[in-house]
Engineer: 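Dumping the structure here so I can ask a few things about it.
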Protein chains: 2
Amino acid sequence: MTRIRATPIVSLMGNQLAHLDHVFGALSDATRRAIVMRLCEGKASVGELAKPFDMALPSLMKHIRILENSGLVASEKIGRVRMCSIEIEALETIEEWLTAQREVWAQRLDRLEIYVEKLKREEKANARKRRTR
Amino acid sequence: MTRIRATPIVSLMGNQLAHLDHVFGALSDATRRAIVMRLCEGKASVGELAKPFDMALPSLMKHIRILENSGLVASEKIGRVRMCSIEIEALETIEEWLTAQREVWAQRLDRLEIYVEKLKREEKANARKRRTR
DNA sequence: AGATTAGTTATCCATTCGGATAACTAATCT
DNA sequence: AGATTAGTTATCCGAATGGATAACTAATCT
């Protein structure tokens, strides 16, 4: 019996786990998703980002912090204005997680299919028996 | 000028927005992601789900509630045991959002490419001018 | 130099979150 | 019928979250 993978999944994922917390957490807020959406169209200063929102600047800044913290957004201060940009790769973290889940799910479907096949074979066998009874 | 879409995106997405809050929110917790992962392998009772966690049952139940609330998990009580299962379609909500973002991002890259092309053309023109000066 | 602009820091506040315990209901087993 | 099992409800608690205001710093404009 070959042990393909000795290390448990959990340790393989390592600190990625905590990271997922932050990425998903960051996107669980509509304001933050809107900011991400806006930044997908191109860089923007904190002020520009704030305009569409009926929210005090410091409140909005918090959101930006959270986004930066999650790795979804990067920013650089030039003079007195801070320019923000999306880090599109961070979205891939999520994609990866999603694909992993769907793979497990698909495998289970496969197993289920095999099981259903077995049931069908048995059913046929029974039918034959019944016919020849 | 043809108004392709009169309704603003926000209203088109409708309650989907609030839904995204819940889906992303649900997945922002490691325990909950683990539950989803487990359920991708097949249905499980609350008790089975609880086993791997060093957590009181009511605490875990809360997580299940949150997952149900987000539409990621469904459950049905038969006798005294409640069986839970993933609703894989809920993950698609996220995929959709991600693709939408990446599309906007890609479009922006296209625009940027066009811009860079323009710059290159101008550069060439200048070079020609310089050569022939 | 003085006024304006663009963020930033510090605090505060109500609400939600993630956990726990205690006490309960309703099925199932013996 | 009585004991056990599988969840459920209610309540509590400290920490985190999403918002606000006030007061501040540092660049830029006039």
Side-chain angles (χ1 to χ4, degrees), chain A residues 10 15 17-39 42-86, chain B residues 10 15 17-39 42-86:
Chain A
V10 170
N15 40 11
L17 283 178
H19 196 240
L20 273 178
D21 273 32
H22 290 131
V23 181
F24 277 119
L27 294 176
S28 72
D29 180 276
T31 304
R32 264 155 3 219
R33 282 197 307 276
I35 294 176
V36 168
M37 244 178 271
R38 166 61 188 79
L39 288 179
K43 296 190 174 195
S45 70
V46 171
E48 285 175 305
L49 288 177
K51 254 173 227 161
F53 299 100
D54 181 24
M55 193 182 290
L57 242 204
S59 309
L60 200 113
M61 279 291 295
K62 264 195 205 174
H63 287 297
I64 294 178
R65 274 296 151 65
I66 290 171
L67 285 167
E68 283 200 69
N69 208 297
S70 76
L72 280 162
V73 164
S75 79
E76 188 195 4
K77 196 163 179 179
I78 299 161
R80 66 182 162 173
V81 14
R82 174 177 298 280
M83 287 303 273
C84 304
S85 50
I86 14 116
Chain B
V10 170
N15 40 14
L17 282 177
H19 196 238
L20 273 177
D21 273 32
H22 291 131
V23 180
F24 278 119
L27 294 175
S28 72
D29 181 275
T31 304
R32 256 140 29 203
R33 283 198 305 279
I35 293 175
V36 168
M37 242 179 273
R38 167 61 189 79
L39 288 180
K43 295 190 173 196
S45 70
V46 172
E48 283 174 306
L49 287 176
K51 253 173 224 160
F53 300 101
D54 182 22
M55 194 182 293
L57 240 205
S59 309
L60 199 114
M61 279 290 295
K62 266 196 203 173
H63 287 297
I64 294 177
R65 273 298 150 65
I66 291 171
L67 285 167
E68 282 199 71
N69 209 296
S70 76
L72 280 161
V73 164
S75 79
E76 188 195 3
K77 195 161 178 180
I78 299 161
R80 65 182 164 173
V81 13
R82 175 177 298 279
M83 286 304 274
C84 304
S85 49
I86 13 117

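Only this structure's heavy atoms are used, side chains among them; waters, hydrogens and symmetry mates stay out. Proteins come first, then strands; the chains are lettered A, B, ... in the order of their sequence lines, and each starts at number 1.
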Engineer: In whole angstrom, what separates A:Ile64's CD1 from C:dT9's P?
Structural biologist: 13 Å

Engineer: Please answer whether the main-chain N or O of A:Leu27 pairs with a side-chain N or O of A:Arg33 as donor and acceptor at a distance below 3.5 Å.
Structural biologist: yes

Engineer: Using heavy atoms and a sub-4.0 Å distance, could you list which residues of residues 75-83 of chain B are near DNA chain D? By number, please.
Structural biologist: B:Lys77, B:Arg80, B:Val81, B:Arg82

Engineer: Using every non-hydrogen atom in the two residues, find where B:Ala30 and A:Asp21 come nearest and quote the distance to one decimal.
Structural biologist: N-OD1, 3.6 Å

Engineer: Which heavy-atom pair separates A:Cys84 from A:Val73 by the least distance, and what is that distance?
Structural biologist: CB-CG1, 4.1 Å

Engineer: Holding to side-chain hydrogen bond (donor to acceptor under 3.5 Å, both in side chains), I want the full list of residues that pass it with A:Ser28, two or more places apart in sequence or in another chain.
Structural biologist: none

Engineer: Rounded to the nearest Å, what distance is computed from the CG atom of residue B:Asn69 to the P atom of nucleotide C:dC17?
Structural biologist: 10 Å

Engineer: Does D:dT9 have OP1 or OP2 sitting under 4.0 Å from an N or O in the side chain of B:Arg65?
Structural biologist: yes

Engineer: Using whole Å, what does the distance between atom C1' of nucleotide C:dC17 and atom CE of B:Met61 come to?
Structural biologist: 17 Å

Engineer: Let me test you: for the helix from C:dA1-D:dT30 to C:dT30-D:dA1, what is the angle between the axes at its two ends (five pairs each), rounded to 10 degrees?
Structural biologist: 20°

Engineer: What distance do B:Leu39 atom CG and B:Ile64 atom CD1 have between them, rounded to the nearest 0.5 Å?
Structural biologist: 8.0 Å

Engineer: Would you please name every residue forming a side-chain hydrogen bond (donor to acceptor under 3.5 Å, both in side chains) with B:Arg82, sequence neighbours left out?
Structural biologist: B:Ser75

Engineer: Can you tell me how far C1' of C:dC17 sits from NE2 of B:His22, to the nearest Å?
Structural biologist: 13 Å

Engineer: Output the rounded distance in Å from NZ (B:Lys51) to P (D:dT5).
Structural biologist: 12 Å

Engineer: Any side-chain hydrogen bond (donor to acceptor under 3.5 Å, both in side chains) involving residues 43-53 of chain B? Give me the pairs, sequence neighbours left out, ordered by first then second residue.
Structural biologist: B:Ser45-B:Glu48

Engineer: Shortest non-hydrogen contact from A:Ala44 to A:Arg38?
Structural biologist: CB-NH2, 3.5 Å

Engineer: Can you tell me how far the NZ atom of B:Lys62 sits from the CG atom of B:Asn69, to the nearest 0.5 Å?
Structural biologist: 13.5 Å

Engineer: Polar pairs (N or O, both sides) under 3.5 Å between protein and nucleotides 13-16 of chain C?
Structural biologist:
none

Engineer: Could you point out which residue of B:Leu72, B:Val36, B:Leu67 forms a side-chain contact (heavy atoms from CB on, under 4.5 Å) with B:Ile86?
Structural biologist: B:Val36

Engineer: What N/O pairs connect the protein and nucleotides 19-21 of chain D at under 3.5 Å? Give each pair on its own line.
Structural biologist:
| residue | atom | partner | partner atom | Å |
| --- | --- | --- | --- | --- |
| D:dG19 | OP2 | A:His63 | NE2 | 2.4 |
| D:dG19 | N7 | A:Lys62 | NZ | 3.1 |
| D:dG19 | O6 | A:Lys62 | NZ | 2.5 |
| D:dA20 | OP2 | A:Ala56 | N | 2.9 |
| D:dA20 | OP2 | A:Ser59 | OG | 2.8 |
| D:dA20 | N7 | A:Ser59 | OG | 3.3 |

Engineer: Partners of A:Met55 by side-chain contact (heavy atoms from CB on, under 4.5 Å), sequence neighbours excluded?
Structural biologist: A:Thr31, A:Phe53, A:Ser59, A:Leu60, A:His63

